[in-house]
Amino acid sequence: MFAGCVAPGPVGCALLVLVTLGLCSELRVRVRLADGLVTEELLEADSHRDSISLEFKQGDGTLITFLADFKQNVKVFRALILGELERGQSQYQALCFASRLNHNEIIPSESMARLRQKNPQAIRLAEERRGLEQFTMNVAVNLSRSWQLSAHIHNMCSEAREAVYTSEDDVKHWLDRGVEGSAFEILPRAADVPGLQACRATKDLWTPCLCVYSLRLEWYPCLLKYCRSRDTTGKGAPYKCGIKSCSKGYHFTYYVPQKQLCLWDEET
């Protein structure tokens with residue numbers, strides 16, 4: 001069970017290890033993944049920069065990081081995927097996906113910074129399983145100009161280099177808000193590349209194809225819960241009394257210049 005941290009003492013809220021301006025800013029939660037394995041999620045909130053990050057390791061060793069930037073209404077996913085050395089890949093491969101952050105996707109950073117948990121050894125399961133969100137990431141983001149979307153992208157995605165992606169719909173939104181067109185590069189599409197197929201249907205490792213990468217955030221605080229109290233006059237007054245947890249999957253489709261960069265997306 002989780003509750004808001006209303007009055008932290010001199011050592012901060014119980015079970016939280018970092019304190020910033022009197023607010024708890026780091027939380028570790030044990031979560032059961034879809035494959036049955038248990039992982040530890042690290043959730044960090046920065047109320048000053050108005051951001052939240054969530055990080056965990058999947059059963060296959062992939063490190064997943066999610067960041068919500070409330071100042072610029074951007075969400076970023078990063079995957080550090082272990083490479084298949086015997087097939088000529090490097091030690092790991094980095095991918096980044098950036099998109100607009102929608103209202104009520106996750107609780108505010110200030111609320112996240114105040115969370116504490118009563119039983120840190122409990123294995124958490126989400127109360128609500130939200131639908132799969134699918135993205136066609138047909139635009140590459142210029143890392144050196146990514147600050148125009150979010151100040152967090154450059155550091156978070158520096159290892160991804162040429163593999164920072166977004167969608168055309170989001171690009172149109174950002175261009176309307178004054179972001180420079182030089183921050184983006186349109187990627188080849190099926191109409192531009194004769195014979196372009198899904199990577200899972202492509203045999204040649206050096207042929208361009210459309211890659212699919214999927215991930216799931218198995219547990220995150222998506223909404224605040226409100227209870228009602230009675231004052232001395234008998235009137236009801238709402239107050240924050242906890243959180244609702246959610247699970248959500250994400251499905252990204254994007255162009256790669258060679259199947260060697262998408263070995264996980266193969267027919268089985």
A.B. asks: Give a yes or no on whether a salt bridge exists between Arg30 and Glu40, defined as a side-chain N under 4.0 angstrom from a carboxylate O.
C.D. replies: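 So Arg30 does not pair with Glu40 through a salt bridge.
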A.B. asks: May I ask you to check whether Gln197 and Thr202 show a side-chain donor-acceptor distance below 3.5 Å?
C.D. replies: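 Not at all, the side chains of Gln197 and Thr202 share no donor-acceptor pair under 3.5 Å.
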A.B. asks: Tell me, do Glu44 and Met112 make a side-chain contact under 4.5 Å, heavy atoms counted?
C.D. replies: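 No, their side chains stay 4.5 Å or more apart.
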A.B. asks: How long is the gap from CG on Leu95 to SG on Cys157, to the nearest 0.5 Å?
C.D. replies: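 Rounded to the nearest 0.5 Å, the CG-SG separation comes out at 10.0 Å.
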A.B. asks: Nearest 0.5 Å please: distance from the CG atom of Leu196 over to the OH atom of Tyr255.
C.D. replies: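 Those atoms lie 7.0 Å apart.
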A.B. asks: Evaluate whether atom CD of Glu162 has more than 12 neighbouring non-hydrogen atoms of other residues, nucleotides or ligands under 6.0 angstrom away.
C.D. replies: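 Count not over threshold, so no.
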A.B. asks: So which heavy atom on Leu43 is nearest to which on Pro221, and how close?
C.D. replies: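 Residues Leu43 and Pro221, closest heavy atoms: CD2-CD, 3.7 Å.
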A.B. asks: Looking only at heavy atoms, which two atoms of Asn142 and Ser182 are closest? And how far apart?
C.D. replies: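 Asn142 and Ser182 have their closest heavy atoms at ND2-O, 3.5 Å.
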A.B. asks: With a 4.5 Å cut-off on side-chain heavy atoms, are Leu33 and Val38 touching?
C.D. replies: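 When only atoms from C-beta onward are counted, Leu33 and Val38 do not touch, as no gap falls below 4.5 Å.
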A.B. asks: Do Lys118 and Arg116 come close enough that some side-chain heavy atom pair is under 4.5 Å?
C.D. replies: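 Of all side-chain heavy-atom pairs linking Arg116 with Lys118, at least one is under 4.5 Å.
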A.B. asks: Arg216 vs Ser247, test: side chain to side chain contact (heavy atoms under 4.5 Å, CB included). Steps then yes/no.
C.D. replies: CA-CA 7 Å; Arg216 174 167 287 276; Ser247 170; 2.8 Å; yes
A.B. asks: Using side-chain heavy atoms (C-beta onward) and a distance below 4.5 Å, is Tyr165 in contact with Phe135?
C.D. replies: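 No, every pair of side-chain atoms sits at 4.5 Å or beyond.
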A.B. asks: Taking it one step at a time, do Arg100 and Asp170 satisfy salt bridge (Lys or Arg N to Asp or Glu O under 4.0 Å)?
C.D. replies: CA-CA 7 Å; Arg100 278 179 288 173; Asp170 284 331; 2.7 Å; yes
A.B. asks: Write down the atom of Ser47, the atom of Ser109, and the distance for their closest heavy-atom approach.
C.D. replies: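 Looking at all heavy atoms of both residues, the closest pair is CA-OG, 3.8 Å.
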A.B. asks: Looking just at side-chain N and O atoms, do Thr62 and Asp60 make a donor-acceptor pair shorter than 3.5 Å?
C.D. replies: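 Looking only at side-chain atoms, Asp60 and Thr62 do form a donor-acceptor pair, the distance falling under 3.5 Å.
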A.B. asks: Starting from the C-alpha separation in whole Å, work towards a yes-or-no answer on salt bridge (Lys or Arg N to Asp or Glu O under 4.0 Å) for Arg28 and Glu55.
C.D. replies: CA-CA 10 Å; Arg28 295 181 184 272; Glu55 188 167 86; over 6 Å; no
A.B. asks: Look at the side-chain heavy atoms of Ile, Leu, Val, Met, Phe, Trp and Tyr, link any pair under 4.5 Å apart, and say whether Val141 and Met137 land in one connected group.
C.D. replies: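 No; tracing contacts between hydrophobic side chains, which count when under 4.5 Å, never links both residues.
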A.B. asks: One pair to check against salt bridge (Lys or Arg N to Asp or Glu O under 4.0 Å): Glu218 and Arg32. What are the steps and the verdict?
C.D. replies: CA-CA 7 Å; Glu218 285 291 354; Arg32 189 174 300 281; over 6 Å; no
A.B. asks: Once the angle between the rings of Tyr213 and Trp264 is folded into 0 to 90°, is it parallel (under 30°), tilted (30 to 60°) or perpendicular (over 60°)?
C.D. replies: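 Judged by the thresholds at 30° and 60°, the geometry between Tyr213 and Trp264 is perpendicular.
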A.B. asks: Main chain of Lys57, side chain of Thr39: is a donor-acceptor contact present, judged purely on distance under 3.5 Å?
C.D. replies: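 Judged by distance alone, yes, a pair lies under 3.5 Å.
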A.B. asks: Working to the nearest 0.5 Å, report the span between CG of Leu132 and NZ of Lys248.
C.D. replies: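 Output value for this atom pair is 7.5 Å.
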A.B. asks: Answer yes if the side chains of Arg124 and Ser245 hold a donor-acceptor pair under 3.5 Å, and no otherwise.
C.D. replies: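 On atom types as modelled, these side chains do not qualify, holding no pair under 3.5 Å.
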A.B. asks: With rounding to the nearest 0.5 angstrom, report the CZ to CG distance, Arg177 to Asn73.
C.D. replies: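 One gets 6.5 Å once the value is rounded to the nearest 0.5 Å.
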A.B. asks: Walk me through it: do Gln260 and Leu263 pass the test side chain to side chain contact (heavy atoms under 4.5 Å, CB included)?
C.D. replies: CA-CA 6 Å; Gln260 179 75 358; Leu263 293 183; 4.2 Å; yes
A.B. asks: Using salt bridge (Lys or Arg N to Asp or Glu O under 4.0 Å) as the criterion, list what pairs up with Arg189, not counting sequence neighbours.
C.D. replies: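 Result, salt bridge (Lys or Arg N to Asp or Glu O under 4.0 Å) vs Arg189: Glu168.
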A.B. asks: Just by distance, with hydrogens left out, do Asp69 and Ser51 show a side-chain donor and acceptor under 3.5 Å apart?
C.D. replies: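 Not at all, the side chains of Asp69 and Ser51 share no donor-acceptor pair under 3.5 Å.
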A.B. asks: Where is the tightest heavy-atom contact between Ile64 and Ala79, given as atom of each residue plus distance?
C.D. replies: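 Here Ile64 and Ala79 meet closest at CD1-CB, 3.8 Å.
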A.B. asks: Would Leu149 end up clustered with Phe70 when hydrophobic side chains under 4.5 Å apart are linked, directly or stepwise?
C.D. replies: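 Each belongs to a different hydrophobic cluster.
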A.B. asks: At what distance, to the nearest 0.5 angstrom, does NZ of Lys75 lie from OG of Ser150?
C.D. replies: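 One gets 13.5 Å once the value is rounded to the nearest 0.5 Å.
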A.B. asks: To check you understand the geometry: which heavy-atom pair defines the closest contact between Leu101 and Ala68, and what is its length?
C.D. replies: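 Of all heavy-atom pairs spanning Leu101 and Ala68, the closest is CD2-CB, 4.0 Å.
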A.B. asks: Side chains of Thr136 and Asn138: any donor to acceptor distance under 3.5 Å?
C.D. replies: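 No.
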A.B. asks: Any non-hydrogen side-chain atom of Val171 less than 4.5 Å from a side-chain atom of Thr166?
C.D. replies: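 The answer is yes; the side chains approach within 4.5 Å.
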A.B. asks: Taking all non-hydrogen atoms of both residues, which atom of Leu143 and which atom of Ser158 are closest, and how far apart?
C.D. replies: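 The pair with the smallest heavy-atom distance is CD2-CA, 3.7 Å.
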A.B. asks: Is the distance between the ring centroids of Tyr250 and Phe77 under 6.0 Å?
C.D. replies: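 Yes.
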A.B. asks: Among the clusters formed by ILVMFWY side chains lying less than 4.5 Å apart, do Leu115 and Leu223 turn up in the same one?
C.D. replies: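 No: no chain of side-chain contacts under 4.5 Å links Leu115 to Leu223.
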A.B. asks: Counting N and O atoms only, with roles assigned by atom type, does the side chain of Asp46 sit under 3.5 Å from a partner on the main chain of Arg49, one being a donor and the other an acceptor?
C.D. replies: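 Yes; at least one donor-acceptor contact below 3.5 Å.
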A.B. asks: Honestly curious: do Phe56 and Leu67 fall in one hydrophobic cluster under the side-chain, below-4.5 Å linking rule?
C.D. replies: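 No, because Phe56 and Leu67 fall into different hydrophobic clusters, even though each may have its own neighbours under 4.5 Å.
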A.B. asks: Just verifying a value: how many Å separate Gln148 CD and Gln72 CD, rounded to the nearest 0.5 Å?
C.D. replies: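 Here the interatomic distance stands at 9.5 Å.
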A.B. asks: Checking Ser214 against His251: is there a side-chain donor and acceptor pair closer than 3.5 Å?
C.D. replies: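 Distance-only check passes for His251 and Ser214.
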A.B. asks: Under the 3.5 angstrom rule, does the side chain of Lys259 hit a backbone N or O of Cys199 as a donor-acceptor pair?
C.D. replies: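 Here the side-chain-to-backbone pair exists.
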A.B. asks: Between Thr65 and Met156, does the side chain to side chain contact (heavy atoms under 4.5 Å, CB included) criterion hold? Intermediate values first, please.
C.D. replies: CA-CA 9 Å; Thr65 307; Met156 184 174 173; 3.7 Å; yes
A.B. asks: Do Ile243 and Ile107 have side chains that get closer than 4.5 Å, going by heavy atoms?
C.D. replies: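 Yes, at least one pair of side-chain atoms sits under 4.5 Å.
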A.B. asks: Whether the Glu159 and Tyr92 side chains hold a donor-acceptor pair (N or O, under 3.5 Å, no angle test) is what I'd like checked.
C.D. replies: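 Yes, a side-chain donor-acceptor pair sits under 3.5 Å.
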A.B. asks: Count I, L, V, M, F, W, Y as connected when their side-chain heavy atoms are under 4.5 Å apart, and connections chain through other members. Are Val164 and Val74 then in the same cluster?
C.D. replies: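 Cluster IDs for Val164 and Val74 match.
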A.B. asks: Kindly indicate, with the supporting measurements, whether the criterion side chain to side chain contact (heavy atoms under 4.5 Å, CB included) is fulfilled by Trp219 and Leu54.
C.D. replies: CA-CA 10 Å; Trp219 190 98; Leu54 182 160; 5.8 Å; no
A.B. asks: When you compare the side chain of Tyr220 with that of Cys246, does any pair of heavy atoms fall below 4.5 Å?
C.D. replies: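 In contact.
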A.B. asks: With a 4.5 Å heavy-atom cut-off, do Leu215 and Phe252 have their side chains touching?
C.D. replies: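 Yes. Closest side-chain heavy atoms under 4.5 Å.
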A.B. asks: Should Asp50 and Lys71 count as an ion pair when the cut-off is N to O under 4.0 Å?
C.D. replies: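 No.
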